[in-house]
Trainee: 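Next up is a structure, given as structure tokens.
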Number of protein chains: 2
Amino acid sequence: MTKHHSTKDKLAWTASKLFQEKGYEGVGLSEILSNAKLPKGSLYHHFQKGKSDLAMAAASYASREMLRIIDDAFVPAKTYDDGMTTLFFKCAKLFDLMGKWNGCPISGTLLSGPRNPAFRDLSNQIFETWIKRIADHAQKLGIGTAEAHDRATHLFVALQGGWTLARAQQSSDVLRQMPKFLKGTPA
Amino acid sequence: MTKHHSTKDKLAWTASKLFQEKGYEGVGLSEILSNAKLPKGSLYHHFQKGKSDLAMAAASYASREMLRIIDDAFVPAKTYDDGMTTLFFKCAKLFDLMGKWNGCPISGTLLSGPRNPAFRDLSNQIFETWIKRIADHAQKLGIGTAEAHDRATHLFVALQGGWTLARAQQSSDVLRQMPKFLKGTPA
DNA sequence: GCAAGCCTAGACCAATCAGTCTAGCCCAGA
DNA sequence: TCTGGGCTAGACTGATTGGTCTAGGCTTGC
């Protein structure tokens with residue numbers, strides 16, 4: 001399913017999955033390395049600043065995956081509400097596939113750890129990218145610039161908050177209910 | 001401002017603040033104890049299971065604070081939209097007071113840590129309590145039972161997600177924009 | 001004044017942490 | 001075939017982790 005072309009990719013991918021499950025501080029380097037079946041030397045060769053560099057690479061990796069999911073939901077959509085609904089259902093499915101436990105890959109990796117300005121800036125940049133991407137799709141589906149950004153922001157917070165609630169409830173049902181709440185919202 | 005009647009309360013309060021800032025795994029017992037100016041013996045006397053017991057007490061403490069904020073927002077409200085708007089603004093202010101860094105006290109404490117079923121159950125119970133409380137206020141303001149619950153859930157996820165986005169952006173602006181998105185939503 | 005027990009106090013422990021360092025594999029170019 | 005260097009491999013370190021344990025206040029009932 002997932003091919004790792006390089007040692008560096010394999011480390012970022014493994015770290016991403018583990019950070020999603022237990023958060024930045026909850027995962028030790030030894031755990032990452034044993035999962036990736038790689039020695040410590042490789043890690044510090046590819047990521048000179050160690051764990052923090054690895055976390056940022058892992059978050060970037062996860063962000064790319066999410067952008068793909070957004071595109072997959074919106075490209076075939078006939079209307080914005082259509083794409084939004086598909087996106088929530090795709091995320092609900094993903095949540096279930098991840099064992100109904102994992103958190104948002106970005107906030108779990110970059111916002112649950114120490115007060116690190118670089119982490120904060122990267123998370124902001126990643127979230128902005130997501131919202132921008134959703135807004136772009138909204139515009140393509142005939143929504144005006146300003147409203148598109150508002151709707152995208154609304155969708156983002158509902159997804160982020162809904163995912164958190166789904167974790168607590170150990171059920172993706174609430175994610176599937178979200179489209180009902182957001183549908184036809186003018187702004 | 002905050003009086004601690006007992007050693008136990010002081011520990012729970014201190015732990016709650018630190019967990020909000022750095023997450024469950026990000027805070028060491030030594031840090032909690034030095035902040036509370038209490039020895040380790042006291043902690044293990046009052047919380048037999050140690051850190052995990054303390055985290056659950058801290059989360060319960062924080063939950064009570066949030067319920068008070070919800071009541072403060074809705075009790076004087078003339079309409080649901082009124083109360084909802086006040087709640088978002090109160091939370092935005094709180095976010096700023098906390099240095100624009102802290103996360104949700106519940107998810108940071110109970111959902112960022114290890115796969116602990118007791119944590120998960122407690123977080124679910126706490127979130128349900130919040131949503132129930134909001135729905136109760138909605139009903140008092142003339143909204144029907146089913147719609148009240150939907151609106152409360154919608155408000156909750158927007159608050160949770162908005163708070164996360166606010167952290168990334170280091171700004172509470174997005175929280176203050178949320179009422180505009182949710183206003184008059186039929187369900 | 002004395003004893004009993006709740007609670008404070010902090011030394012101590014094994015385990016684990018992130019990070020450093022050296023040794024050597026292995027492939028590329030000459 | 002030899003050599004240089006990108007990369008793997010993992011032993012090692014000092015700091016810190018959560019948790020245990022014993023010793024001694026300090027208050028309460030007599």
Side-chain angles (χ1 to χ4, degrees), chain A residues 3-59 108-119 122, chain B residues 3-59 108-119 122:
Chain A
K3 273 279 182 60
H4 303 298
H5 312 83
S6 66
T7 300
K8 196 171 181 177
D9 278 354
K10 192 170 184 179
L11 279 168
W13 184 84
T14 307
S16 170
K17 296 304 155 196
L18 288 169
F19 286 146
Q20 285 172 50
E21 185 184 337
K22 317 194 195 188
Y24 181 78
E25 304 274 10
V27 183
L29 292 186
S30 61
E31 192 176 358
I32 296 171
L33 294 169
S34 71
N35 269 276
K37 294 191 189 71
L38 251 19
K40 197 167 268 190
S42 299
L43 197 163
Y44 279 89
H45 174 79
H46 293 290
F47 303 97
Q48 276 145 318
K49 284 196 238 153
K51 199 184 184 184
S52 58
D53 268 8
L54 179 58
M56 295 204 284
T109 303
L110 298 179
L111 293 177
S112 82
R115 249 193 164 88
N116 183 332
F119 281 12
L122 181 58
Chain B
K3 272 282 181 55
H4 304 298
H5 312 84
S6 67
T7 300
K8 196 171 181 177
D9 278 354
K10 191 171 186 179
L11 280 168
W13 185 85
T14 308
S16 170
K17 296 303 154 196
L18 287 169
F19 286 145
Q20 284 172 51
E21 186 185 336
K22 317 194 196 189
Y24 180 78
E25 306 272 10
V27 183
L29 292 186
S30 60
E31 192 176 359
I32 297 170
L33 294 169
S34 71
N35 270 275
K37 293 191 188 74
L38 252 18
K40 196 167 270 191
S42 299
L43 198 164
Y44 279 89
H45 174 78
H46 293 290
F47 303 96
Q48 276 146 316
K49 282 195 239 153
K51 199 184 185 185
S52 58
D53 268 10
L54 179 58
M56 295 204 283
T109 303
L110 298 179
L111 293 178
S112 82
R115 250 192 165 88
N116 183 333
F119 282 12
L122 180 57

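Labels below follow one simple rule: chain letters A, B, ... track the order of the sequence lines, proteins then strands, and each chain is numbered from 1.
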Trainee: To the nearest 0.5 Å, tell me how far A:L11 CG sits from A:L38 CG.
Mentor: 5.0 Å
Trainee: Tell me every residue that passes side-chain contact (heavy atoms from CB on, under 4.5 Å) with A:A55, counting only those two or more places apart in sequence or in another chain.
Mentor: A:F19, A:Y24, A:T109, A:F119
Trainee: Once side-chain contact (heavy atoms from CB on, under 4.5 Å) is applied, do any residues pair with B:E25, and if so which ones, sequence neighbours excluded?
Mentor: A:E25, B:P114
Trainee: Using a 4.0 Å cut-off on protein heavy atoms (strictly under), produce a 5'-to-3' string for nucleotides 8-21 of chain C with B for base contact, S for backbone-only sugar-phosphate contact, and - for none.
Mentor: BBBB-----SBBB-
Trainee: Between the main-chain N or O of A:A12 and the side-chain N or O of A:S16, is there a donor-acceptor pair closer than 3.5 Å?
Mentor: no
Trainee: State, to the nearest 10°, the angle formed by the axis through the first five base pairs of the helix from C:dA4-D:dT27 to C:dA30-D:dT1 and the axis through its last five.
Mentor: 10°
Trainee: Determine all donor-acceptor pairs shorter than 3.5 Å in which one atom belongs to a side chain in residues 26-34 of chain A; sequence neighbours excluded.
Mentor:
residue : atom : partner : partner atom : Å
A:E31   : OE2  : A:K22   : NZ           : 2.6
A:S34   : OG   : A:S30   : O            : 3.3
A:S34   : OG   : A:E31   : O            : 3.2

Trainee: Nearest 0.5 Å please: distance from the CG atom of A:L111 over to the CG atom of A:L122.
Mentor: 9.5 Å
Trainee: According to the side-chain hydrogen bond (donor to acceptor under 3.5 Å, both in side chains) rule, which pairs have a member within residues 39-59 of chain A, sequence neighbours left out?
Mentor: none
